[in-house]
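All chains are named by letter (A, B, ...) in the order of the sequence lines, taking the proteins before the strands, and each is independently numbered beginning at 1.
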2 protein chains.
Amino acid sequence: MKRDSRLSITLHALLHMAERQIITSDELAACLSTNPVVVRRTMAGLREAGLVRSEKGHGGGWSLARDLATVSLADVHEALGEAAFFAIGNRTESPGCLVEQAVNAAMDGALRDAEALLLERLRGISLADLSEDFQRRMALRHQNMKESNYGG
Amino acid sequence: MKRDSRLSITLHALLHMAERQIITSDELAACLSTNPVVVRRTMAGLREAGLVRSEKGHGGGWSLARDLATVSLADVHEALGEAAFFAIGNRTESPGCLVEQAVNAAMDGALRDAEALLLERLRGISLADLSEDFQRRMALRHQNMKESNYGG
DNA sequence: CATCATGTAACACGATAAGTTACATGAAAC
DNA sequence: GTTTCATGTAACTTATCGTGTTACATGATG
């Protein structure tokens, strides 16, 4: 487990959900090459945040609760519990040592700036943007397949 | 172990080193509230990068090999092996799924920008800057102690 | 009521930073 | 040259956390 990929996994799941209207945890797990329990566990926060709905029983599964255009990647990150962005950080939060205080102040400043930029970027991308990009890639693939058919 | 604090630890150690000319792993470990072996292990990369020197035997220990002003926090990070900055990331690096490709592209873009900013910030701070900040804090503390003596 | 799907707890696994012990290597002091 | 001090490094342990997996409860549909 190198990095926390829950945001990545969740976005992947949400886009598949958008393509299917409703989709079960098992189907999503197959799409994501993971386990249905992981899907449910990860998606729990999104349900609480009102981003998705879940239905039990026959014909049940997951569906989107909001328009793709109104949900940013930052919203998804927040719904997941605002996991830490950075793998690096200070050793002690409020050290008595003045040297360490100076180090922490510098590190915190740099990390704060980087985090602000990252959040700004995530806020600027909506699920609709991702879906559009996906559609573009799909159109491109079909075009390439056609060309290769004509060529061969 | 929540986060990788090697950069923080190392900067702390380097500033103490600057105050002392030469200092042993045991003394550093005491300053940092850690283990001398951790100090040696962490500092190994800095020695290879030519940022510090180490001497064995009587009167031995660690000393700075370069002027504080010529070493940036990015240099230290690099000497430590360029540990990953981010705790989040994509699940698969080169997925076949077009949905995941779209997700990855968006995430990579945001992370790349944030990493670039972070590196720029780290490049912009030298060990001399940290040392200055430390001196400022120390002067301030002495001033406050004086004031509280006069007051009481 | 049988089936299907989510909800959740409980446990195992893998990776990694950090702490610790043990011992080898080398330099200075006596 | 032997003792002492300090680094160099391997090996093992611990703690944490994302992820995978099993098992079972809950609830909805037919």
Side-chain angles (χ1 to χ4, degrees), chain A residues 1-10 12-13 17 20-48 51-63 65 77 80-92, chain B residues 1-10 12-13 17 20-48 51-63 65 77 80-92:
Chain A
M1 258 97 287
K2 256 187 126 98
R3 310 208 224 167
D4 181 349
S5 55
R6 277 176 293 185
L7 180 54
S8 171
I9 284 181
T10 305
H12 190 173
M17 208 176 294
R20 286 277 313 268
Q21 321 306 328
I22 191 163
I23 186 170
T24 68
S25 300
D26 280 61
E27 291 167 326
L28 276 176
C31 288
L32 314 188
S33 305
T34 181
N35 193 289
V37 177
V38 173
V39 172
R40 295 192 198 109
R41 185 197 292 155
T42 308
M43 219 61 100
L46 298 225
R47 185 183 53 234
E48 286 164 28
L51 299 184
V52 300
R53 276 184 295 260
S54 64
E55 299 289 342
K56 292 182 175 179
H58 280 275
W62 300 88
S63 55
H77 172 254
L80 286 172
E82 308 192 32
F85 282 136
F86 294 104
I88 65 171
N90 291 323
R91 187 142 177 296
T92 313
Chain B
M1 260 93 287
K2 257 183 123 96
R3 310 207 225 166
D4 181 348
S5 55
R6 277 175 294 183
L7 180 53
S8 172
I9 285 180
T10 305
H12 190 173
M17 208 177 293
R20 288 276 313 266
Q21 321 307 327
I22 191 163
I23 185 170
T24 68
S25 300
D26 280 61
E27 290 166 327
L28 276 176
C31 289
L32 313 188
S33 306
T34 182
N35 193 290
V37 177
V38 173
V39 172
R40 295 192 198 108
R41 185 197 291 155
T42 308
M43 218 63 100
L46 297 226
R47 184 183 53 234
E48 284 164 29
L51 299 185
V52 299
R53 276 183 295 261
S54 64
E55 299 290 342
K56 292 182 177 179
H58 281 272
W62 300 88
S63 54
H77 172 253
L80 286 172
E82 307 193 33
F85 282 136
F86 293 105
I88 66 172
N90 292 322
R91 188 142 176 296
T92 313

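The interatomic distance linking Leu80(B) (CG) with dT16(C) (C1') rounds to 15 Å, in whole Å. In this entry the distance linking CD of Glu27(B) with P of dA6(D) reads 8 Å, nearest Å. Arg53(A) has its CZ atom 19 Å from the C1' atom of dG7(C), to the nearest Å. Atom CD in Glu48(A) sits about 10 Å away from atom P in dG7(C), given to the nearest Å. The distance between atom CZ of Arg91(A) and atom C1' of dG19(C), rounded to the nearest whole Å, is 10 Å. One atom, CD1 of Ile22(B), and another, P of dC5(D), lie 16 Å apart when rounded to the nearest Å. Here the C1' atom of nucleotide dG18(D) and the CZ atom of Arg3(B) are 16 Å apart, to the nearest Å. With rounding to whole Å, Asn35(B) atom CG is found 8 Å from dT21(C) atom P.
Nearest approach of Met43(B) to Ala13(B), heavy atoms of both residues: CE-CB, 3.5 Å. Summarising the geometry of Ser8(A) relative to Arg91(B), their closest heavy-atom pair is OG-N, 3.5 Å, with the distance given to 0.1 Å. In plain terms, the two heavy atoms of Ala87(A) and Ala84(B) that are nearest each other are CB-O, 3.5 Å. The minimum heavy-atom distance between Leu7(A) and Leu80(A), with the atom names listed, is CA-CD1, 3.6 Å.
By the side chain to side chain contact (heavy atoms under 4.5 Å, CB included) test, Glu55(A) pairs with no residue at all, sequence neighbours left out. For Arg6(B), the side chain to side chain donor-acceptor pair (under 3.5 Å) partners at least two apart in sequence or on another chain are Asp4(B). Scanning for side chain to side chain donor-acceptor pair (under 3.5 Å) contacts around Ser25(A) gives Arg40(A), Trp62(A), with sequence neighbours left out.
If you check dG18(D), dG20(D), dA18(C) against the side chain of Asp4(B), the one that comes closest is dA18(C).
Contact check for His77(A) versus Glu82(A): side-chain heavy atoms found under the 4.5 Å cut-off.
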Atom pairs and distances, side-chain donor-acceptor, residues 27-39 of chain B, under 3.5 Å, sequence neighbours left out:
residue: Glu27(B); atom: OE1; partner: Arg20(B); partner atom: NH2; Å: 3.3
residue: Glu27(B); atom: OE1; partner: Thr24(B); partner atom: N; Å: 2.9
residue: Glu27(B); atom: OE1; partner: Thr24(B); partner atom: OG1; Å: 3.3
residue: Glu27(B); atom: OE2; partner: Arg20(B); partner atom: NH2; Å: 3.4
residue: Asn35(B); atom: OD1; partner: Val37(B); partner atom: N; Å: 2.9

Polar atom pairs between nucleotides 2-6 of chain C and protein, under 3.5 Å, N or O only, would you list them?
residue: dT3(C); atom: O2; partner: His58(A); partner atom: NE2; Å: 3.1
residue: dA5(C); atom: O4'; partner: Gly57(A); partner atom: O; Å: 3.3
residue: dT6(C); atom: OP1; partner: Ser25(A); partner atom: N; Å: 2.7
residue: dT6(C); atom: OP1; partner: Ser25(A); partner atom: OG; Å: 3.1
residue: dT6(C); atom: OP1; partner: Trp62(A); partner atom: NE1; Å: 3.3
residue: dT6(C); atom: OP2; partner: Ser25(A); partner atom: N; Å: 3.4
residue: dT6(C); atom: OP2; partner: Ser25(A); partner atom: OG; Å: 3.2
residue: dT6(C); atom: OP2; partner: Arg40(A); partner atom: NH2; Å: 3.4
residue: dT6(C); atom: O3'; partner: Ser54(A); partner atom: OG; Å: 3.4

When you compare the protein's N or O atoms with those of nucleotides 10-12 of chain C, which come within less than 3.5 Å of each other, and at what distance?
residue: dA10(C); atom: N6; partner: Arg41(A); partner atom: NH2; Å: 3.3

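For the pair Ser5(A) and dG18(D), the criterion of a side-chain N or O lying under 4.0 Å from OP1 or OP2 is not met.
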